[in-house]
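What follows is a short report on a single structure.
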Amino acid sequence: MKEYDHKKIEKKWQTLWEKNGIYHAKDFSKKAKYYSLVEFPYPSGAGLHIGHPRSYTGMDIISRKRRMQGYNVLYPIGWDAFGLPTENYAIKTGKDPRIVTKKNTDTFRRQLKSIGFSFDWSREVNTTDPKYYKWTQWIFLQFLKKGLAYKAKVNINWCPKDKTGLANEEVIAGCCERCGTPVEKREKEQWMLAITKYAERLDKDLDDVDYLPQIKQSQRNWIGKSEGVEFEFKTNISRNIKVFTTRIDTLFGVTYVVLSPEHSNIGEFLVQARNMAEVSKYVREAKEKISKKDLTIDKEKTGIELKGTKAINPANGEEVPVWVGDYVLADYGTGAIMAVPAHDERDFEFAKKYGIEIKQVVMPDITDSKNPHREGKESTIRNTVHIILRNPKKKEILIQFLKGEKWKGINPQSFLIGGVEKGESNMEAASREIKEETGYFNLKFIEEIPFKVQSKFFAAHKDVNRTITVNTLIFNLINEEKTEITEDEYFTKDSHEMKWIPENKISETLTTEDQQMIWKCYQAGKFSYSGAGILMNSGKWNGMDSETAKKEIIKFIGGKEKTTFKLRDWVFSRQRYWGEPIPVINCPDCGLVPVPEKDLPVLLPKVKNYQPTDSGESPLANISKWVNVKCPKCKGQAKRETDTMPNWAGSSWYYLRYTNPKNAKAFADKKNLKYWTPVDWYNGGNEHTTLHVLYSRFWHKFLYDLKLVPTSEPYKKRTSHGMILGEGGVKMSKSLGNVINPDEIVKTYGADTLRIYEMFMGPFSQSVAWSTESIIGSRRFIEKVWRVGLEVLKQKNSSALLHPSDGTFRLQNSSVVKLLHKTIKKVSEDIEEMRFNTAISSLMILATEMEKSEVSIKDYKKFLQILAPFAPHVAEELWTALGEKKSIHLSAWPKYDESLIKDEEIKIAVQVNGKVRAEIMIGADESEEEIKNKAISSEGVLKYIEGKEIKKVIYVKGRLINIVI
RNA sequence: GGGCGAGUGGUGUAAUUGGUAAACACGCCAGUCUUAGGAACUGGUGGCGCAAGCCGUGAGGGUUCAAGUCCCUCCUCGCCCACCA
């Protein structure tokens, strides 16, 4: 053994590990099981992305550590191989996607193996394998049986470029997630999965899983649960209007009702309107606009009144006008709303635009600091400006500026330059200073300018923290050393709305006045208030708080309490070739007939042309031999369903298949599922938290209800990793030419270096920019480990240096041993928290120390063991060179010795008034008194405290001493 | 507009959760080795200052013996969602 030759070593061990099957998970082993999972990759033609190994190494480290801790670990891998890129490639080249997929998975497999992941390759799955998708189809049939898969004519999101329907989740800002083309709305018959039936549970059960808080939050937001009331407005025409609201307490403030242009019964309403022609025209145009969903168009709300139609408020019998407006969504709630402009910002905007009445019915509680008031609209209020200046140089500029003409109308009330004097509040100091400097203080100008009322106003003065903040605009001007501002600068929308926010944290006296002003503005209808409060103008409910009033009013009008969700049913069909065929037969007599289970899988036939059709049918529709079948029920002529499933289908249950991948009788045997599920730890990309994770939780719950899986949740714990960006922090992309090929890195630096580098480059959950320049550091570290290994080997071969009794090296340095045990502790803990970067840094420190001093074989081996999950090849090589026969990855994770972690002598810092002046050494069991005395009399400190009175001495155990004089 | 998160050396970042800011690594500088270049190793490397020392975690303020960390105001950036009644 001489040179560190990564190529030789890595190849050798990868082959041996595979041959010995050391990473194979054993079904039903008596050991405790541990199921760690990473998202299986989509095998694209570009090969493995440099980001893949990040997630995989992270979970590999955890899996390896678990094995060493004695668990029976399942760490599987497979291919999520159905999908558009492969299909598009097939269209372009005419190659069979099966062949393309085979080629791609071969590449991916080779690449993954070259990095030395401890996957159990014997359990590899592939979603495009008929033996796999047979069960995807089978699960679909169960959905169908339970009525959760259904066909419906829906307005779907249609991508004109990919020529396929998209789920809401696949539409990003109105564009196709894959190709960025603006999405159109098309009415089509589609297969749907009723995920909304599970919305409540998908939301609630998040309480019981260990997901990162952000992940839970975004799932919750996506599900979008909100509790409210559904009730009807009677009208003077033949049809009532059903609405949904979460703010029934504002019912008396309803001044109009709005229907969505896409409301299902819009036709009946418009024919009865006096201005029918106009309304129909509006509805047509609005629909058009919505269908384009072009987000570059301004989002101003538009609408038209249905002349002659009146809705009757069930609370007080008042008649209010009925409108059609494009800000009301057809597919949320009932497609119609009660509009309360005084208490809803959108209604407010609309009412202002069309001159509809605004009626306040909720009084904000302006003394309640916890008032959840959100935001208001433009209003007017006296402007006060408060300034603190620390820099005396800027003072002159400010004073000049204040004296300028432009500023005359809006004199600041106060500003502060030198700081607060004893016994003076900031306000007082400011008053004094401005008076001294400008003489302006006694002048009180009141100018009304628009501003945006903010919640802080209502919360204002409870917590009197007398901070006075610089008005940003002035501050900027001062910083730029200007003495004038132009008309434009002053009157830009920006400076008013964003910057002229009057200070709210000033004093009790001011805020009270402000509050009165706000109240006046509010009553004058200058802004809307959407928080809770006390009811007014609401008949017998006056004086009641919002929450109680809600309950009472529901009772009174007989509304139905209802929970709605933003989550929509899942559009499950795609008019594409490369997906699982939906196993259904359309019979003219029997209707939709499921393919009998014994006939599964419905194989995806070979076609000549993969091009999707403009009519929106899958290329499968052209294969008459495949399409035309006998109806399983009546044996008559029938046709196969030609839609395929989206690629989320196969990935919704793949983790179940790993437990029993070759089972031909079921998607997995119950015994296997019982042993292995749930997944103990699942790591994946952030982008999948609202799609894949939610979908698979839905499938899992469904299977749980059928008693086919033993747990109600699939994943016990979910974490996510950050992306790897290109050099300089931009996205890695072909067009930018900054894509890193993992093969190259493995070739020149080795798999261990790549693994160490990817784990060391930054916090695991955060995005980090790739830097080829920096990799060398990780390589140097491994070489250092190697050098130390060679030294240790020399010891082994010269027994003269060893104690015959226990084989420890004679010259062993006790501080290295201590460091080793500290490092074992730190690495063990860091791995659990996925703080791989700091774990590696402590391994680096230890390696450096070991190189400097002597280390025993025994201790060096412990070091190798904690290094092994990170750099498995080099650790294994050195481990065996030291005479071990069994793989290091099957050895027991080292324990640290508690007694070796404690230091007898600690270095602590001595501060005087918070500044470090000296360092002293103290014994671990010295008393506080002794330590304090030592600190006070230490050199370095004396000159600072000489002749001063010591007020206080603070001792922080094992850290520092602060002497206050 | 809403939600989540983040601002620390030339760079990636660390900081025992309020206790010596910059650990570890890249880069850079110097030295050793080398015909040379490179590699490797050793040392140095926040700013100002000859020095003692002072300043320093996006800006300003507050609380504290002590603030990167807590509180308030503001600015900037990233991600996700976006008329969800």
Side-chain angles (χ1 to χ4, degrees), chain A residues 172-174 213-214 217-218 220-222 224 226 228 243-247 258 295 299 301 325-329 331-334 336-340 344-347 349-350 374-375 388-390 416 420 426 456 463 465-472 475-476 479 498-499 501 503-505 564-567 686-687 689-690 722-723 729 757 760-763 765-771 773-778 780-781 783 787 826 835 837-838 840-845 848 907-919 951-954 956-965:
Chain A
I172 306 297
Q214 315 89 279
Q217 191 57 45
S218 51
R220 287 229 155 88
N221 289 346
W222 193 267
S226 74
V243 300
F244 172 78
T245 180
T246 54
R247 291 299 304 276
V258 198
L295 287 176
K299 277 189 260 176
K301 299 169 179 49
D326 61 357
Y327 76 103
V328 177
L329 300 175
D331 54 357
Y332 181 79
T334 60
I337 60 158
M338 63 176 222
V340 188
D344 182 280
E345 211 187 314
R346 292 154 301 175
D347 297 342
E349 197 185 310
F350 191 83
R374 302 306 272 257
E375 72 278 339
I388 291 176
L389 271 190
R390 287 264 168 242
L416 180 59
V420 187
N426 273 358
K456 305 120 197 178
D463 159 31
N465 183 350
R466 293 165 187 273
T467 311
I468 304 175
T469 312
V470 179
N471 176 295
T472 317
F475 185 73
N476 289 343
N479 273 341
M498 304 305 294
K499 297 186 173 165
I501 295 168
E503 183 46 54
N504 61 321
K505 282 280 173 192
T564 54
F565 297 92
K566 288 186 203 173
L567 189 71
N686 255 325
E687 68 277 19
T689 53
T690 43
M723 270 195 302
Y757 174 64
F760 182 64
M761 63 195 296
S765 61
Q766 212 172 286
S767 299
V768 246
W770 179 266
S771 163
E773 204 180 45
S774 301
I775 300 175
I776 191 70
S778 304
R780 283 180 193 147
F781 165 60
E783 282 173 5
R787 280 200 305 276
K826 176 150 179 64
R835 289 188 302 244
N837 51 338
T838 51
I840 290 169
S841 122
S842 61
L843 286 168
M844 285 171 167
I845 295 169
T848 307
K907 191 165 73 178
I908 65 165
V910 183
Q911 297 183 330
V912 178
N913 280 353
K915 285 197 165 37
V916 181
R917 298 301 183 189
E919 281 176 347
K951 277 194 195 152
K952 226 199 266 183
V953 179
I954 293 149
V956 184
K957 207 165 170 259
R959 295 257 140 244
L960 55 71
I961 286 197
N962 192 8
I963 301 164
V964 187
I965 53 169

Results of ring pair (Phe, Tyr, Trp, His ring centres under 6.0 Å) for A:Phe244 - residues two or more places apart only: none
Syn/anti state of B:rG62 by chi, 90° boundary around 0: anti
Separation between the P atoms of B:rU16 and B:rG7, rounded to whole Å: 14 Å
Nearest-neighbour nucleotide for the A:Ser841 side chain, B:rG3, B:rC26, B:rA23 considered: B:rA23
From B:rC4, B:rC83, B:rA23, nucleotide with atom closest to A:Tyr327 side chain: B:rC83
Distance between C1' atoms of B:rU69 and B:rG62 (Å, rounded): 15 Å
Any A:Lys566 side-chain nitrogen or oxygen under 4.0 Å from OP1 or OP2 of B:rG3: no
side-chain hydrogen bond (donor to acceptor under 3.5 Å, both in side chains) partners for A:Asn913, two or more places apart: none
Syn/anti state for B:rU34 [syn: chi within 90° of 0]: anti
Test side chain to side chain contact (heavy atoms under 4.5 Å, CB included) applied to A:Ile337 and A:Val328, A:Asp344, A:Thr245, the passing residue: A:Val328
Phosphate-side-chain proximity, A:Lys952 and B:rC65, N/O vs OP1/OP2 below 4.0 Å: yes
Nearest heavy atoms of A:Ser226 and A:Thr246, plus distance in Å: OG-CG2, 4.0 Å
Proximal nucleotide (of B:rC26, B:rC54, B:rA85) relative to the A:Arg917 side chain: B:rC54
Closest listed nucleotide, where the reference is the side chain of A:Lys915 and the choices are B:rC54, B:rG27, B:rC24: B:rC54
Which residues share a ring pair (Phe, Tyr, Trp, His ring centres under 6.0 Å) with A:Phe350, sequence neighbours left out: A:Tyr256, A:Trp323, A:Tyr327, A:Tyr354
Nucleotide-resolved protein contact map, nucleotides 39-48 of chain B, B/S/- at heavy-atom distance under 4.0 Å: -SS-------
Side chain to side chain, A:Lys301 and A:Asp326, heavy atoms closer than 4.5 Å: yes
Sugar-phosphate, base or nothing in reach of A:Ile337, heavy atoms under 4.0 Å: base
B/S/- contact track for nucleotides 12-22 of chain B, protein heavy atom under 4.0 Å: BSS-B--BB--
OP1 or OP2 of B:rA85 under 4.0 Å from side-chain N/O of A:Tyr332: yes
Stem regions touching RNA chain B, defined by at least 3 consecutive Watson-Crick or wobble G-U pairs below 3.5 angstrom: B:1-7 with B:75-81, B:10-12 with B:24-26, B:27-32 with B:40-45, B:46-48 with B:53-55, B:58-62 with B:70-74
A:Asp347 side-chain N/O to A:Val340 backbone N/O, donor-acceptor pair under 3.5 Å: yes
Nearest-nucleotide pick for A:Glu773, side chain only, options being B:rA85, B:rC26, B:rG3: B:rC26
